[in-house]
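Comments concern the structure below.
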Amino acid sequence: MWRGFLHLLKKDFRLMVSGKFFLLALLSLILYSCYINFVYANLDQQIYPVFVYDPQDKLPAAREYVTRLDSREALEAACADQYSVGIDFSHAVPELYMLSCGMETTDHYRMAWGEAVLHGNIDGRAERIGSDNKEMKNRREITAEFLFFELTAVGFLGLASMLFKEKQMGVIRVHGILPVCRPVFILSKLLLLLLSDLVFTLLLTVINLGAAEAVRVLADVLLQAGILSLIMALIGFLCAVRLPDFKQFSLFYLILAVFVTTPVFLAGQTGMKGDWIVYHPMYHLFEAMKGAYFSAPITKVSFYLTCFGTMILLFLLSWQTLNHEMAKEG
């Protein structure tokens with residue numbers, strides 16, 4: 001059995017090499033790292049700009065935080081970006097003016113800042129929690145998000161592309177008549193993909209967080225990366241065996257990307273999420289990944305039991321579907 005397993009590993013490794021799998025992973029690593037180090041890590045979003053129309057010079061304080069305008073029309077035009085806050089002093093009672101950006105939390109912060117400037121309450125002090133500065137927070141956040149979506153795509157597409165190539169080569173038909181242990185056929189692919197994903201995770205984390213910070217979170221990050229990699233690889237294997245050609249598989253992946261991962265992206269990157277998001281399974285995997293990067297790993301036993309049960313179920317479904325496909329080919 002083990003000798004056959006090693007032969008399968010060598011065959012799958014050659015498929016990954018010939019399919020430029022490792023080259024694409026290396027290019028992704030370079031692209032993500034360049035963006036993180038040269039762009040995202042240096043982002044420092046300024047506080048919401050405040051524009052004031054104050055024809056009678058009524059603004060009592062905080063003059064350094066505001067930009068004065070000479071008309072109401074100019075005030076409305078300046079606030080059209082849905083980010084700035086306007087204050088109109090032309091009436092007896094000053095009026096806050098702003099256009100909603102579509103996110104209730106952000107609008108609340110904008111209004112709070114506008115009222116603070118209006119009333120001169122700008123000398124508050126914030127308590128610093130944790131040791132991360134703005135740059136390190138940005139690094140942890142974007143690295144977690146890039147890794148999540150990379151593993152989601154690679155796990156689903158990587159193993160499926162190998163299987164479709166084997167279908168074209170007639171490998172499924174050959175294995176259908178050979179006395180091989182069919183679970184090993186699946187395990188060899190899972191193992192190679194898991195190892196490559198873990199290496200990618202290790203390199204991405206060390207490069208973008210630094211060795212010292214990476215060591216502190218790496219164990220939890222690798223655990224979440226392994227869970228996500230195996231789940232997505234098994235889903236990709238199941239779909240690739242079940243669907244007859246790559247065109248149908250590509251359509252299914254498009255549906256997955258639009259309706260499954262897009263809500264998670266919006267929830268993580270823009271804060272646009274509803275109460276229903278807690279029922280989205282990928283959202284919990286996403287939050288687990290981010291928690292690992294921020295040294296707040298998930299400790300709920302139910303989470304890991306659910307993930308483990310899902311992997312067992314997907315493996316059994318993949319095994320059954322593979323047996324059915326081999327029976328058809330044989």
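Sequential numbering from 1 along the given sequence is applied to the chain's residues.
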| request: Could you tell me whether the side chain of Arg72 reaches within less than 4.5 Å of the side chain of Glu95, counting heavy atoms only? | output: yes
| Can you check whether Thr306 reaches Thr310 side chain to side chain, under 4.5 Å on heavy atoms? | yes
| Just how far is it from atom CG of Leu193 to atom CE of Met16, taken to the nearest 0.5 Å? | 5.5 Å
| query | Just how far is it from atom CG of Leu316 to atom CE of Met311, taken to the nearest 0.5 Å? | reply | 12.5 Å
| query | His280 side chain to Met282 main-chain N or O, any donor-acceptor pair under 3.5 Å? | reply | yes
| request: Return yes if a side-chain donor-acceptor contact under 3.5 Å exists between Tyr32 and Thr143, otherwise no. | output: no
| query | Are Ile298 and Phe308 connected, step by step, through hydrophobic side chains (Ile, Leu, Val, Met, Phe, Trp, Tyr) whose heavy atoms are closer than 4.5 Å? | reply | yes
| Cluster overlap Met111 with Leu75, hydrophobic side-chain contacts below 4.5 Å | no
| said: Using 30° and 60° as the class boundaries, would you call the ring planes of Phe22 and Phe13 parallel, tilted or perpendicular? | reply: tilted
| request: Would you check, one step at a time, whether the test side chain to side chain contact (heavy atoms under 4.5 Å, CB included) holds for Gln82 with Asp107? | output: CA-CA 9 Å; Gln82 300 178 347; Asp107 287 343; over 6 Å; no
| field | Salt-bridge present (Arg216, Glu213; N to O < 4.0 Å) | value | yes
| query | So if you build clusters from Ile, Leu, Val, Met, Phe, Trp, Tyr with side-chain heavy-atom gaps below 4.5 Å, do Phe89 and Leu69 land together? | reply | no
| field | More than 12 heavy atoms of other groups within 6.0 Å of His108 NE2 | value | no
| request: Consider only side-chain heavy atoms of I, L, V, M, F, W and Y, link residues closer than 4.5 Å, and tell whether Leu285 and Tyr283 are in one cluster. | output: yes
| query | When you look at Leu151 and Met289, which way does the side chain to side chain contact (heavy atoms under 4.5 Å, CB included) test go after all the steps? | reply | CA-CA 11 Å; Leu151 295 185; Met289 183 70 75; 4.3 Å; yes
| task | Mind checking the CD1-CZ spacing from Ile227 to Phe303? Nearest 0.5 Å is all I need. | result | 5.0 Å
| query | Is it the case that one hydrophobic cluster holds both Val215 and Leu222, taking links as side-chain heavy atoms less than 4.5 Å apart, direct or via other members? | reply | no
| note | Rounding to 0.5 Å, atoms CG (Leu192) and CG (Asp197) come to a distance of 11.0 Å
| said: Could you tell me if the side chain of Glu141 sits less than 4.5 Å from the side chain of Tyr293, heavy atoms only? | reply: no
| request: Apply the test side chain to side chain contact (heavy atoms under 4.5 Å, CB included) to residues Leu96 and Ile87: give CA-CA distance (whole Å), side-chain angles for both, the deciding distance (0.1 Å), then the verdict. | output: CA-CA 5 Å; Leu96 279 176; Ile87 306 176; 3.6 Å; yes
| field | Test log, rule side chain to side chain contact (heavy atoms under 4.5 Å, CB included), inputs Val217 and Val221 | value | CA-CA 6 Å; Val217 302; Val221 169; 4.1 Å; yes
| To the nearest 0.5 Å, what is the distance between CG (Asp81) and SG (Cys79)? | 7.0 Å
| said: Is it true that, when you exclude Glu135 itself, more than 12 heavy atoms of the residues, nucleotides or ligands shown sit nearer than 6.0 Å to its CD? | reply: yes
| task | Kindly give the heavy-atom pair with the smallest separation between Phe294 and Arg140, and that separation in Å. | result | CZ-CB, 3.7 Å
| said: To the closest 0.5 Å, what do you measure between OG (Ser229) and CG (Leu198)? | reply: 6.5 Å
| message | I'd like to know if the side chain of Arg139 and the backbone of Leu209 have a donor-acceptor N/O pair within less than 3.5 Å. | response | no
| said: Do Phe51 and Tyr97 make a side-chain contact, defined as non-hydrogen atoms from C-beta onward lying under 4.5 Å apart? | reply: no
